[in-house]
Amino acid sequence: MLAFALPTLGSNILQSLNGSINAIWVGRYLGEGALAATSNANIIMFLTFGAVFGFGMAATILVGQSFGRHDLEGARRAFGSAVGLVLGGAIVIAALGWVFAPEILHLLATPGDAMPLALAYLRVIFLGLPASMMMVLLMMGLRGTGDSMTPLWFMLLSAILDSALNPLLIAGIGPFPQMGIAGSATATLVASHVSLLGLIAYIYARDLPLRLRGNELRYLIPQRALTGTIVRKGLPMGAQMLVMSTAGLAMVGLVNRLGVDTAAAYAVSQQLWTYIQMPALAIGAAVSSMAAQNIGAGRWDRVGDITKYGLLFNVALTGAMVGVVILFDRPVMTLFIGAASPALPIARHIQLIASWNFILFGMTMVLFSTVRANGAVIAPLIALIVALYPVRIGFALLAKPWLGADALWWSFPLGSLATLAIAAWYYRYGNWRKGALVVPDDSEEQAHGMSEPGGRLQPTG
């Protein structure tokens, strides 16, 4: 588990470090208003990812279970359909996002002085959405086959390009144009496209298992039966991200009403939270992939042990991250905002109250990753809806007259505790263990002899 999780953790660190470095450039060059603008835009991008991301998650489960059964053709068919669905959805959302970006930012109650900056940043980010989504999907698919190292190397490439281009395009250094906050988004756009093309070339050069050649390329056209399976499982998982995103948007709206300093403090806190939650995300990815492959192989005796060690590793690693962040929050935060900024004490206060909730979040992530590995997606969705809206947002609104801004920060651990309680109950008593996901037969392909022989059970790469 650690051998799989550590490269995934490295990828997560690079992705978050890249975002943090970009935030440092924006905050230092352009100030608190620009930093608040990027925070608002990034929440929106998480929302748009959620609209198509569930299909990739469903395909990854199918890929993992197919590999457990040594069904390479099934894995390729599932992945090809997911690529077609996600790419089409990402293009549509990117176009709509570009057109309606001003209305979206108004709905968020984006502070007036941050509005022009947020709009310029968001529109360029939308242009890069299809490439970003494809990059994420390819990395998810590779992890579904048990390969967590290849995604690490190409995430490193993306992070280096993005971080290096940010100051050049923001400030107009050397031959580069001075683009301000749009330069930060343009750096992300360029890095995403270069890394995506490089990863595709690498997959084909190394003949990795998920590559499609010849007649296999028609798997990119989603097949009805397979698309039905992906959509049935993917929509609830995408809805989970949408629920998280909309709850995040609601929280941003509440924070924005407290002024630019609090909005900037919250943006800095979110930067630190990305690092705190990294071990949980990496362990969750390892648990999901390992559980799916063992379920596909019929090794249910291993699934319980995978979950148990996932919980133990999460408590140890996430707990250590929480401790480090609380101890060294001030020097880290001053990377984003000046030491004399009025946002700094607010950000430190937020961390002290809310950061420990990620230990609970990580435990929930492990339990949900296990049950999702067998296609159980409705219960996690219900748990998130209950925990984030009646509990988190409801508490933040109802307790605000008595606790003030602290009601917002205390709502985080309260919501995480509710989610963990529901997840633990469902893992113990739910019916998620029944059955297993199988890629539907493509009888037409088999009749015409166009698919790869079923007896070819091992990857060629």
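Keep in mind that the numbers below use all heavy atoms, side chains included, and drop hydrogens, waters and symmetry copies.
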Enquirer: Kindly give the heavy-atom pair with the smallest separation between Ser81 and Ile230, and that separation in Å.
Expert: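 Here Ser81 and Ile230 meet closest at CB-CD1, 3.8 Å.
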Enquirer: Applying ring-ring contact (aromatic ring centres under 6.0 Å, His included), name anything that partners Tyr427, two or more places apart in sequence or on another chain.
Expert: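 By the ring-ring contact (aromatic ring centres under 6.0 Å, His included) rule, Tyr427 matches Trp432.
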Enquirer: What class does the angle between the rings of Phe361 and Phe358 fall in, given that below 30° is parallel, 30 to 60° is tilted and above 60° is perpendicular?
Expert: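 Correct class here is perpendicular.
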Enquirer: Judged by atom type as modelled, is there a donor-acceptor pair below 3.5 Å linking the side chain of Arg257 to the main-chain atoms of Gly253?
Expert: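 Yes; at least one donor-acceptor contact below 3.5 Å.
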Enquirer: Rounded at 0.5 Å granularity, tell me how far CG in Leu398 sits from NZ in Lys400.
Expert: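 That separation rounds to 12.0 Å.
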Enquirer: Output, in order, the C-alpha distance, side-chain angles, deciding distance and verdict of side chain to side chain contact (heavy atoms under 4.5 Å, CB included) for Ile283 and Met365.
Expert: CA-CA 8 Å; Ile283 293 168; Met365 177 68 67; over 6 Å; no
Enquirer: Has Ser288 got a side-chain atom pairing as donor or acceptor with Gly284's backbone, closer than 3.5 angstrom?
Expert: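 Absent.
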Enquirer: Indicate the atoms forming the closest heavy-atom contact of Leu127 with Pro130, along with that distance.
Expert: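 Closest heavy-atom pair between Leu127 and Pro130: O-CD, 3.6 Å.
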Enquirer: So how far is it from Ser269 OG to Phe412 CZ, rounded to the nearest 0.5 Å?
Expert: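 So the gap between those two atoms works out to 9.0 Å.
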Enquirer: Nearest 0.5 angstrom please: Leu417 CG to Thr364 OG1, how far?
Expert: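 One finds 9.0 Å between CG of Leu417 and OG1 of Thr364.
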Enquirer: Less than 4.5 Å apart, side chain to side chain, heavy atoms only: is that true for Ile382 and Ile422?
Expert: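 Of all side-chain heavy-atom pairs linking Ile422 with Ile382, none is under 4.5 Å.
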Enquirer: Please check if the side chain of Lys233 supplies one atom and the backbone of Ala58 the other of a donor-acceptor pair under 3.5 Å.
Expert: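 Not at all, since once roles are kept as given, no pair shorter than 3.5 Å links the two residues.
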Enquirer: How long is the straight-line distance from CG of Leu197 back to CE of Met135, given to the nearest 0.5 Å?
Expert: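 It comes to 10.0 Å.
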Enquirer: May I ask you to check whether Thr370 and Thr307 show a side-chain donor-acceptor distance below 3.5 Å?
Expert: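 Yes, because at least one side-chain N or O of Thr370 sits under 3.5 Å from a partner of the opposite role on Thr307.
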Enquirer: Apply side chain to side chain contact (heavy atoms under 4.5 Å, CB included) to the pair Ile276 and Gln351, showing each step before the final yes or no.
Expert: CA-CA 11 Å; Ile276 294 176; Gln351 288 298 314; 4.1 Å; yes
Enquirer: Can you pull out every ring pair (Phe, Tyr, Trp, His ring centres under 6.0 Å) where at least one residue sits in residues 117-164? Sequence neighbours excluded, please.
Expert: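 As it turns out, the ring pair (Phe, Tyr, Trp, His ring centres under 6.0 Å) pairs with a partner in residues 117-164, which skip direct neighbours, are Phe154-Tyr202.
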Enquirer: From Met321 CE over to Ser355 OG, what is the distance, rounded to the nearest 0.5 angstrom?
Expert: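 One finds 10.5 Å between CE of Met321 and OG of Ser355.
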Enquirer: Please tell me if the side chains of Val190 and Leu169 come closer than 4.5 Å, counting only heavy atoms from C-beta onward.
Expert: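 Result no, sub-4.5 Å side-chain heavy-atom pair not found.
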Enquirer: Is the shortest heavy-atom distance from the side chain of Ser411 to the side chain of Ile393 under 4.5 Å?
Expert: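 Heavy-atom side-chain distance check fails, nothing below 4.5 Å.
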Enquirer: In the structure I gave you, are the side-chain heavy atoms of Leu14 and Leu152 within less than 4.5 Å of one another anywhere?
Expert: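 In contact.
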Enquirer: Can you see which heavy atom on Pro413 is nearest to which on Asn357, and at what distance?
Expert: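 Nearest pair, atom of Pro413 first, then Asn357: CA-CB, 3.4 Å.
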Enquirer: Measure from the side-chain N and O atoms of Ser289 to the backbone N and O of Arg143, and report whether any donor-acceptor pair falls under 3.5 Å.
Expert: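 Yes: the side chain of Ser289 pairs with the backbone of Arg143.
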Enquirer: Would Asp305 and Arg302 satisfy side chain to side chain contact (heavy atoms under 4.5 Å, CB included), going step by step from the backbone distance to the final call?
Expert: CA-CA 5 Å; Asp305 286 340; Arg302 294 178 177 175; 5.6 Å; no
Enquirer: Determine whether more than 12 heavy atoms belonging to other residues, nucleotides or ligands lie under 6.0 Å from atom OH of Tyr275.
Expert: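 For Tyr275, atom OH is crowded (more than 12 foreign heavy atoms under 6.0 Å).
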Enquirer: Evaluate side chain to side chain contact (heavy atoms under 4.5 Å, CB included) for Leu420 paired with Leu367, printing each intermediate quantity in order.
Expert: CA-CA 9 Å; Leu420 177 59; Leu367 296 173; 4.1 Å; yes
Enquirer: Output all residues satisfying side chain to side chain donor-acceptor pair (under 3.5 Å) with Ser158, sequence neighbours left out; order by chain, then residue number.
Expert: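 If we apply the side chain to side chain donor-acceptor pair (under 3.5 Å) test to Ser158, skipping adjacent residues, there are no hits.
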Enquirer: Distance check, rounded to the nearest 0.5 Å: Arg392 atom CZ versus Thr419 atom OG1?
Expert: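 So the CZ of Arg392 and the OG1 of Thr419 are separated by 7.0 Å.
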Enquirer: Whether the side chain of Arg123 engages the backbone of Trp98 through a donor-acceptor N/O pair (distance < 3.5 Å, no angle test) should be reported.
Expert: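 Yes.
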Enquirer: Do any side-chain atoms of residues 310-318 form donor-acceptor pairs under 3.5 angstrom with protein atoms, and if so which ones, sequence neighbours left out?
Expert:
from   : atom 1 : to     : atom 2 : distance (Å)
Asn314 : OD1    : Thr318 : OG1    : 2.9
Asn314 : ND2    : Ile359 : O      : 3.3
Thr318 : OG1    : Asn314 : O      : 3.0

Enquirer: In chain order, what residues pass the side chain to side chain donor-acceptor pair (under 3.5 Å) check against Thr150, with sequence neighbours excluded?
Expert: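 Side chain to side chain donor-acceptor pair (under 3.5 Å) check on Thr150 returns Asp147.
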Enquirer: Please report the closest heavy-atom contact between Gln240 and Pro380, naming both atoms and the distance.
Expert: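 Minimum heavy-atom contact is NE2-CB, 3.7 Å.
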Enquirer: Take the angle between the ring planes of Trp409 and Tyr266 and call it parallel below 30°, perpendicular above 60°, tilted in between.
Expert: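 Trp409 vs Tyr266 ring planes: parallel.
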Enquirer: Shortest non-hydrogen contact from Ser192 to Ser132?
Expert: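 Where Ser192 meets Ser132 most closely, the heavy atoms are OG-OG, 3.3 Å.
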Enquirer: Just to verify, what does Asp406 make a side chain to side chain donor-acceptor pair (under 3.5 Å) with, not counting sequence neighbours?
Expert: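 Residues passing side chain to side chain donor-acceptor pair (under 3.5 Å) with Asp406: His349.
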Enquirer: For residues Ile295 and Val303, determine if any side-chain heavy atom of one lies less than 4.5 Å from a side-chain heavy atom of the other.
Expert: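 Contact flag for Ile295/Val303 side chains = yes.
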Enquirer: Which heavy atom of Asn256 sits nearest to which heavy atom of Ala263, and what is that distance?
Expert: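 Closest approach of Asn256 to Ala263, heavy atoms only: OD1-CB, 3.6 Å.
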Enquirer: Is any side-chain heavy atom of Leu208 less than 4.5 Å from a side-chain heavy atom of Thr145?
Expert: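 Of all side-chain heavy-atom pairs linking Thr145 with Leu208, none is under 4.5 Å.
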